[in-house]
Amino acid sequence: GLGVPKVEDLSVTANGFSGFLAAFWSSLALCPTELVKCRLQAMRESYTSQGKEPPRIGPYQLTRNILKSDGVPGLFRGLTATFTREMPGYFFFFFAYEFCREILRNPGQSKDDIGAVKTVVSGGMAGVTLWTIIFPADVIKSRLQVSGSTTPMLKLMSEVYRKEGLLALYNGLGPTILRTF
């Protein structure tokens with residue numbers, strides 16, 4: 001182990017690494033669910049923007065369609081991008097959360113005793129940190145999942161940056177950060 005008898009005694013950095021490792025496993029469940037969500041959203045937006053009624057298809061039927069056309073690997077389209085987003089993102093989330101709790105505590109006070117307001121502020125700051133850092137990877141992951149493309153993530157990110165500019169990788173960050181708090 002880390003030589004720390006209680007989880008409460010983990011350092012800020014050790015908490016960050018715990019989030020990093022936990023995100024690996026959660027990504028395996030998150031990728032297929034986000035794939036289906038992104039495709040359903042894109043399908044609805046595509047049809048409604050053309051003035052058409054979107055097809056009546058739910059998550060279960062879309063999952064069946066993906067499995068029929070692409071097999072189990074089709075459900076994991078965008079997994080590398082999900083790892084790239086989640087693992088560093090949750091390192092920084094837990095790091096920022098524990099760092100904020102540490103700096104907001106009074107001398108001699110436990111981080112667990114800082115109260116609700118300081119805990120909420122710490123969580124909000126952690127969320128802002130996470131989304132600011134991972135947003136470009138999230139944009140690319142969503143584009144890969146919606147399109148079904150097998151373009152490598154970094155190649156697509158480079159193309160978006162070159163053709164659309166840096167701000168395209170942060171399109172939608174403002175509302176996401178507002179939602180975080």
Side-chain angles (χ1 to χ4, degrees), residues 15-94 96-97 123-124 126-181:
N15 271 290
F17 278 114
S18 296
F20 178 87
L21 294 173
F24 173 85
W25 299 106
S26 67
S27 294
L28 296 175
L30 191 60
C31 184
T33 56
E34 285 198 340
L35 173 79
V36 170
K37 176 195 73 134
C38 286
R39 292 227 180 135
L40 285 171
Q41 286 174 335
M43 188 183 313
R44 286 189 186 101
E45 288 174 18
S46 173
Y47 277 83
T48 55
S49 71
Q50 297 171 28
K52 298 178 184 175
E53 181 71 23
R56 300 244 179 237
I57 183 172
Y60 178 74
Q61 186 58 50
L62 181 58
T63 301
R64 287 177 49 112
N65 293 353
I66 292 168
L67 285 170
K68 187 185 291 184
S69 64
D70 300 326
V72 172
L75 288 175
F76 291 91
R77 182 93 56 228
L79 181 60
T80 301
T82 303
F83 284 145
T84 303
R85 178 190 75 177
E86 295 294 304
M87 293 176 74
Y90 279 94
F91 171 87
F92 286 106
F93 178 88
F94 283 98
Y97 177 72
V128 169
T129 302
L130 174 134
W131 282 110
T132 302
I133 288 170
I134 70 165
F135 212 76
D138 188 59
V139 167
I140 298 305
K141 177 208 63 77
S142 295
R143 287 187 185 202
L144 286 170
Q145 288 182 325
V146 167
S147 70
S149 170
T150 57
T151 304
M153 179 193 168
L154 292 177
K155 182 177 182 188
L156 181 56
M157 188 177 282
S158 174
E159 287 174 11
V160 169
Y161 175 75
R162 196 174 61 255
K163 293 177 183 173
E164 301 174 44
L166 179 65
L167 291 181
L169 295 170
Y170 285 94
N171 191 21
L173 178 62
T176 300
I177 286 179
L178 287 175
R179 177 183 82 197
T180 298
F181 263 100

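Atom set for the values below is all heavy atoms of this structure, side chains included, hydrogens, waters and symmetry mates excluded. For reference, positions follow the sequence shown, starting with 1.
- Residue Val146 comes nearest to Cys38 through the heavy atom pair CG2-O, 3.7 Å, listed as atom of the first residue, atom of the second, then distance.
- Here the CZ-CH2 distance, from Phe92 to Trp131, works out to 15.5 Å after rounding to the nearest 0.5 Å.
- Pairing each heavy atom of Gly74 with each of Leu35, the nearest pair is O-CD2, 3.2 Å.
- Listed by chain and number, the residues in a side-chain contact (heavy atoms from CB on, under 4.5 Å) with Tyr90 are Ala23, Glu86, Phe93, Phe94, Leu130 (sequence neighbours excluded).
- Summarising the geometry of Gly89 relative to Ile134, their closest heavy-atom pair is CA-CG2, 3.2 Å, with the distance given to 0.1 Å.
- Thr151 contributes atom OG1, which lies 6.5 Å from atom CD of Glu159 (distance to the nearest 0.5 angstrom).
- When the shell of 6.0 Å around CZ of Phe17 is examined, it contains 12 or fewer heavy atoms from other residues, nucleotides or ligands.
- Interatomic distance, NZ of Lys68 versus CZ of Arg64, reported as 6.5 Å (0.5 Å rounding).
- Remark: Thr82 OG1 to Ile140 CD1 distance equals 12.5 Å, nearest 0.5 Å.
- Judged as a ring-ring contact (aromatic ring centres under 6.0 Å, His included), not a single pair has a partner in residues 36-73 (not counting sequence neighbours).
- Identified under the salt bridge (charged side-chain N to carboxylate O under 4.0 Å, His left out) test for residues 162-176, with sequence neighbours left out: Arg143-Glu164.
- Legend: residues meeting side-chain contact (heavy atoms from CB on, under 4.5 Å) with Glu53, ordered by chain and number and at least two apart, are Arg56.
- With a 4.5 Å cut-off on side-chain heavy atoms, Ile66 and Arg77 do not count as touching.
- At least one side-chain heavy atom of Leu28 sits less than 4.5 Å from a side-chain heavy atom of Leu79.
- Residues Gln61 and Ile57 approach most closely at CB-CG1, 3.7 Å, considering heavy atoms.
- Within the model, atoms OG1 of Thr33 and CG of Leu30 stand 5.0 Å from one another, a figure rounded to the nearest 0.5 Å.
- Contact record, Cys31 with Gly78: SG-C, 3.9 Å, taken as the closest heavy-atom pair.
- The shortest distance between side-chain heavy atoms of Val139 and Asn171 does not fall below 4.5 Å.
- Surrounding CG of Leu167 are at most 12 heavy atoms belonging to other residues, nucleotides or ligands under 6.0 Å away.
- Leu62 contributes atom CG, which lies 9.5 Å from atom CG of Leu67 (distance to the nearest 0.5 angstrom).
- Although no hydrogens or angles enter the test, the distance criterion places no donor-acceptor pair under 3.5 Å between the side chain of Ser158 and the main chain of Leu154.
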Please report the C-alpha distance between Leu75 and Asp70 in whole Å, then the side-chain angles of each, then the deciding distance to 0.1 Å, and finally whether the side-chain contact (heavy atoms from CB on, under 4.5 Å) criterion is met. CA-CA 8 Å; Leu75 288 175; Asp70 300 326; over 6 Å; no
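- Residues meeting the ring pair (Phe, Tyr, Trp, His ring centres under 6.0 Å) test with Tyr97, sequence neighbours left out: none.
- At most 12 heavy atoms of other shown residues, nucleotides or ligands fall within 6.0 angstrom of atom OH in Tyr161.
- Residue pairs that meet the side chain to side chain donor-acceptor pair (under 3.5 Å) test with at least one member in residues 132-141, sequence neighbours left out, are Glu34-Lys141, Arg85-Asp138, Lys141-Gln145.
- Residue Ala81 comes nearest to Leu144 through the heavy atom pair CB-CD1, 4.2 Å, listed as atom of the first residue, atom of the second, then distance.
- Without hydrogens or angle criteria, Ser46 side chain to Ala42 main chain gives no donor-acceptor distance under 3.5 Å.
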